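Here is the structure we will look at, set down as C-alpha cells.
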Amino acid sequence: MKKLVYWALAIYVLYGIGMAWYLLGVADISIPPQWKGTSADPATFLTPKELELSGEYSRWKDLLFFLSIPYEWLIYFGLLAFGVAQALRTWVKRAAKWVPIQSALYAFWLSLITTVLLLPIQFAVYHLSRTYGVSTQSLASWFRDRMTDFFIHTVLLVLTATVLYWLIRRFERRWWLYAWMLCVPFMIFFMFIQPVIIDPLYNEFYPLKDKKLETKILALASKANIPAEHVFEVNMSEKTNALNAYVTGIGSHARIVLWDTTLQRLNEDEVLFVMAHEMGHYVMKHIYWGLAGYIVLAFFGLWLVGKMIGWSLARWGRCIGIRRLSDIASFPLLLLLVSLLNFAVSPLVNTVSRYEEHAADRYAIELTGNKEAAISSFQKLTKAGLSEVNPPLVVKVFRYTHPTMLERIVFLKEYAPPLQEE
C-alpha cells in the first residue's frame with residue numbers, strides 16, 4: 001500500500017509540472033479579435049502594469065487551486081496507507097470507553113492533522129494575494145480567520161462523525177439514506193443561522209451608513225418588491241482591496257450584503273447596478289433553488305459514497321487494516337471519496353451558478369437601464385481584484401461560479417432592452 005502512496009506522489013508531481021506548464025506557459029487568455037479595443041478589452045481600462053500583474057496573479061492563484069485539491073486527497077490517502085488513521089483509532093479506543101466519544105475524539109484529531117498539513121498551501125494563497133496587493137489583511141488577522149475556520153470545521157466534523165458512525169452501526173445497509181434525511185434539515189438550519197452567527201465571526205456587519213444612497217436603494221428595492229431590511233454593509237477593507245456583494249441566508253435571515261470596498265470604489269450608479277444584480281438573486285429565489293439542488297446532490301452523493309466505500313474496503317480493507325465501515329478508521333477514506341465527488345461534480349455546480357449569475361445580470365440591467373454604469377462596474381471589479389477577463393477553459397469549468405468578465409461585458413454591450421408594449 002505504501003508503494004501506491006509513492007506512485008501517487010510521483011503522479012502528483014508530474015501533474016503539478018503539467019498544470020504549471022499549461023497555466024503559466026501555453027494557456028490562451030487572449031481577447032478574441034472582434035473585442036479588441038472595446039470596453040471588453042482589459043487593455044482599455046487597465047494600465048500595462050495592471051494588465052501584466054492581472055495575468056501573473058490569476059495564473060499563480062489558479063495553479064495553487066489545482067495543486068490544493070489533489071494535495072488534500074494525498075493527505076487522506078497517506079493517513080490510511082501509512083497507518084496513521086488506524087493508530088489514531090487505537091488511541092481513541094484507549095482514551096474513551098463510550099463509542100460516540102471515540103468518534104468525536106477521532107474527528108477532532110483528524111481535523112487538527114489535516115488543518116496543519118493544509119496550512120502551507122493556504123498560507124501560499126494568502127502570501128500571493130498580499131504580494132500582488134489584492135489582500136490587505138495582516139498575518140495576525142489571517143491567522144485568526146484560520147483558527148475560526150478550524151473551530152467551525154472541527155465542530156461540524158465532530159458532529160458528522162458522531163452521528164454518521166452511529167447510523168452506520170445501527171443501519172449497516174441504509175445508513176446513507178438516514179444520513180441524507182438528517183442532512184436536509186441541518187442544511188436548512190445552517191443556511192438560516194449563517195448570516196447571523198457564522199459570518200459575524202469573521203467580519204463586522206451593520207446597516208448601510210450612507211443614508212442618501214440607502215434611500216435610492218430602498219426605492220430600487222421597492223420597485224423590485226424586496227424588503228429593504230435585507231441590505232447590509234460589511235467591513236472588508238481591513239482584509240482586501242477586492243470588491244464584492246452577495247446574497248446569503250434564507251427566510252427572515254436572508255441578507256443582501258455589500259462590501260465597504262464596493263461602496264468606496266464604485267460611484268452611485270454602479271452601486272445601484274450591483275445592488276440590482278443581488279436583488280435579482282433574491283427575486284428569482286436562487287438561494288432556494290441552490291438549496292434544493294444541494295439536497296438532491298447530497299442524496300445521490302451519499303448513495304454513491306456508500307457504494308464506493310463498500311467496494312474500496314472489500315478490495316483494500318485487509319491491506320489497510322480496516323475490515324468494516326463501522327470502524328472509525330474508515331473516516332479518512334469516506335472524506336476522501338466525498339472530496340473526489342465534490343470535485344467531479346463542480347463543473348455542473350459551476351455551470352448552474354454561472355447561469356444564475358447571468359440571469360441576475362440581465363435582471364439588473366433591465367431594472368436599472370444603465371448600461372454604462374453596468375460595464376464600468378465590471379471593469380472596476382476586474383481592476384480591484386486583478387481578475388482575468390478571459391481565463392483558460394479548464395479554469396472557467398472548475399473555478400468560475402460567475403460568467404467571465406469578457407462574457408459579462410460583451411452581454412451588456414450587445415444588450416437591447418425589450419420592446420415596450422403600447
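The structure presented is a predicted model; accordingly, all values stated were derived computationally and were not measured.
The salt bridge (charged side-chain N to carboxylate O under 4.0 Å, His left out) contacts involving residues 61-83 comprise Asp62-Arg399, where partners must be two or more places apart or lie in separate chains. Pairs of residues two or more places apart, or lying in two chains, never qualify as salt bridge (charged side-chain N to carboxylate O under 4.0 Å, His left out) while including a residue from residues 292-304. Among residues at least two apart or in separate chains, side chain to side chain donor-acceptor pair (under 3.5 Å) pairs with a member in residues 378-387 are Glu50-Lys383, Glu270-Lys380. Among residue pairs with one or both ends in residues 32-57, those qualifying as ring pair (Phe, Tyr, Trp, His ring centres under 6.0 Å) are Tyr57-Tyr132; sequence neighbours excluded. Residues in residues 152-164 take part in these side chain to side chain donor-acceptor pair (under 3.5 Å) pairs, two or more places apart or across chains: Ser111-His153, Ser111-Thr154.
Judged by distance alone, with hydrogens and angles left aside, the side-chain atoms of Thr44 form no donor-acceptor pair with the main-chain N or O of Gly37 at under 3.5 Å. A donor-acceptor pair is defined here as one N or O able to donate and one able to accept, closer than 3.5 Å; such a pair exists between the side chain of Thr136 and the backbone of Thr240. With Tyr71 contributing its side chain and Leu117 its backbone, the two residues share a donor-acceptor pair below 3.5 Å. Of the possible polar contacts, one joining the Glu407 side chain to the Thr404 backbone as a donor-acceptor pair under 3.5 Å is found.
Shown here are the side chain to side chain contact (heavy atoms under 4.5 Å, CB included) partners of His402, two or more places apart in sequence or in another chain: Glu357, Arg408. In this structure Lys211 satisfies the salt bridge (Lys or Arg N to Asp or Glu O under 4.0 Å) test together with Glu214, sequence neighbours excluded. Applying the ring pair (Phe, Tyr, Trp, His ring centres under 6.0 Å) test to His277 and every residue at least two apart in sequence or in another chain returns His281. When the side chain to side chain contact (heavy atoms under 4.5 Å, CB included) test is applied to Trp21, the partners found at least two apart in sequence or on another chain are Val26. Partners of His358 according to the ring pair (Phe, Tyr, Trp, His ring centres under 6.0 Å) rule, which considers only residues two or more places apart in sequence or in another chain, are Phe411.
Between Glu238 and Gln137 there is no side-chain heavy-atom pair separated by less than 4.5 Å.
Lys307 NZ: 12 or fewer foreign heavy atoms inside a 6.0 Å radius.
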Taking only distance into account, with no hydrogens and no angle test, what donor-acceptor pairs under 3.5 Å do side-chain atoms of residues 185-207 form with protein atoms, sequence neighbours excluded?
residue: Tyr202; atom: OH; partner: Asp149; partner atom: OD1; Å: 2.4
residue: Asn203; atom: OD1; partner: Lys239; partner atom: NZ; Å: 3.1

Using residues 342-351 as the side-chain source, report each donor-acceptor pair under 3.5 Å to any protein atom, sequence neighbours left out, with the distance given to one decimal.
residue: Asn342; atom: ND2; partner: Val338; partner atom: O; Å: 3.4
residue: Ser346; atom: OG; partner: Phe343; partner atom: O; Å: 2.6
residue: Asn350; atom: ND2; partner: Ser346; partner atom: O; Å: 3.3
residue: Asn350; atom: ND2; partner: Val397; partner atom: O; Å: 3.2
residue: Asn350; atom: ND2; partner: Phe398; partner atom: O; Å: 3.1
residue: Thr351; atom: OG1; partner: Pro347; partner atom: O; Å: 2.7
residue: Thr351; atom: OG1; partner: Arg354; partner atom: NH2; Å: 3.3

* **Tyr165 vs Ser330, side-chain hydrogen bond (donor to acceptor under 3.5 Å, both in side chains): CA-CA, chis, key distance, verdict** => CA-CA 10 Å; Tyr165 277 85; Ser330 67; 2.8 Å; yes
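Classification of the Phe171-Trp166 ring pair by plane angle, with boundaries at 30° and 60°, yields perpendicular.
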